[in-house]
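We use all heavy atoms of the structure for the numbers below, so side chains are in, but hydrogens, waters and symmetry mates are not.
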Amino acid sequence: MGKNLSSTTRNQLIIPAIENLDPSDLITIDKTYQDRLALRKQLLEQHHEIVVAVNETSTADPRTHSAVRELYSFILGTYLPSRYPGIFKLQSSTEKTPEIFENTITGTSWPTNLHPETPTIRALEILAQTVDEEFLILLPDISAPVDQPKYILQAYATCFPSGFNTREKLGLRLADIHMPVPGYKEKIERSMDRFFAKIEVGRFVKRVNWGLTTETELFAAFGSVHGSHGSGSKGNEYGEKEDMGQQALRLEELNIDKIKDEGLGEEFAVAIDGLRKGNVPGMHAYKRGDYWGEAVKEFLRS
């Protein structure tokens, strides 16, 4: 889940900044909750195959179904009712009826444990329209050596991908998922797989990352967010044609005029320059800095 992010610094632009996360901040509820859920439900209906999926290919892992159901029961049966008891209620089970999770804002109700014959993807559909979070289930490749773990994306519920079609990543190893990312294979691949292998049960972590998108729609599954080296600079043209303030800093979808209004314009401009100066200069082109960089910096410093 990538929504729980903190401010980034220049040194955190290339190397994933991993921090421990307080369990109470694992899932956040704010004033946008109802509107976001309405959007998520709409996206689930319009782009179902992109928003939710379970791997059924040759790389499928039989443990996936248990993992998804465990996540589902934890979120609905334990976490949400405990963290937000004023919003989410539990109706006790009886010999004939299962325990029911009730969302008092949306008026929806779901069993906290799905029937064994219920398709696993149903759990993902319910999660996608219950909380404003993205869920991606990664499991170690059963064919990889124990001392060289390789993680595969086996299932997911993601309504707000940033520049990629999550369905195309399903069934792939982390290294293949991140193949377009400059420097990933050389500098990050081994440490990321090892990091996942060492995560302890009950520990929550968050990763700091950011990107600026010229498309302000949250659902961005069809490209135009990332670029490649040599894509050229369009800064002057971009600055003349676009409304700078409405471009979004993709941490929690903040418009950059808000960053400027909070007095962080210069800090963000320096971070943009840092894309070229880090240990993977290609990240500047990957984040399409050639397209928006100069114009955005000029706006932030004006």
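Across all non-hydrogen atoms, the minimal contact from P140 to D61 is O-OD2, 3.7 Å. Shown here for L300 and A269, the closest heavy-atom pair between the two residues is CD1-N, 3.9 Å. Closest non-hydrogen pair, L21 versus K206, comes out as CD1-CD, 3.9 Å.
Under a hydrophobic clustering in which Ile, Leu, Val, Met, Phe, Trp and Tyr are joined whenever their side-chain heavy atoms come within less than 4.5 Å, directly or via other members, I105 and L76 fall into the same cluster.
R194 contributes no side-chain N or O that, together with a main-chain N or O of D147, makes up a donor-acceptor pair within less than 3.5 Å. In this structure, Q129 contributes its side chain and R40 its backbone to no donor-acceptor pair below 3.5 Å. The closest donor-acceptor contact from the side chain of T59 to the backbone of G171 lies under 3.5 Å. Between the Q154 side chain and the V54 main chain, no donor and acceptor come within less than 3.5 Å of each other.
Salt-bridge annotation for E133 and R36: absent, with no side-chain N of the basic residue lying under 4.0 Å from a carboxylate O of the acidic one.
Partner of D193 under the side chain to side chain contact (heavy atoms under 4.5 Å, CB included) criterion, out of L174, I188, D141: L174 alone.
For F88 and F101, the distance between ring centers is under 6.0 angstrom. Between F196 and Y151, the ring centre distance stays below 6.0 Å.
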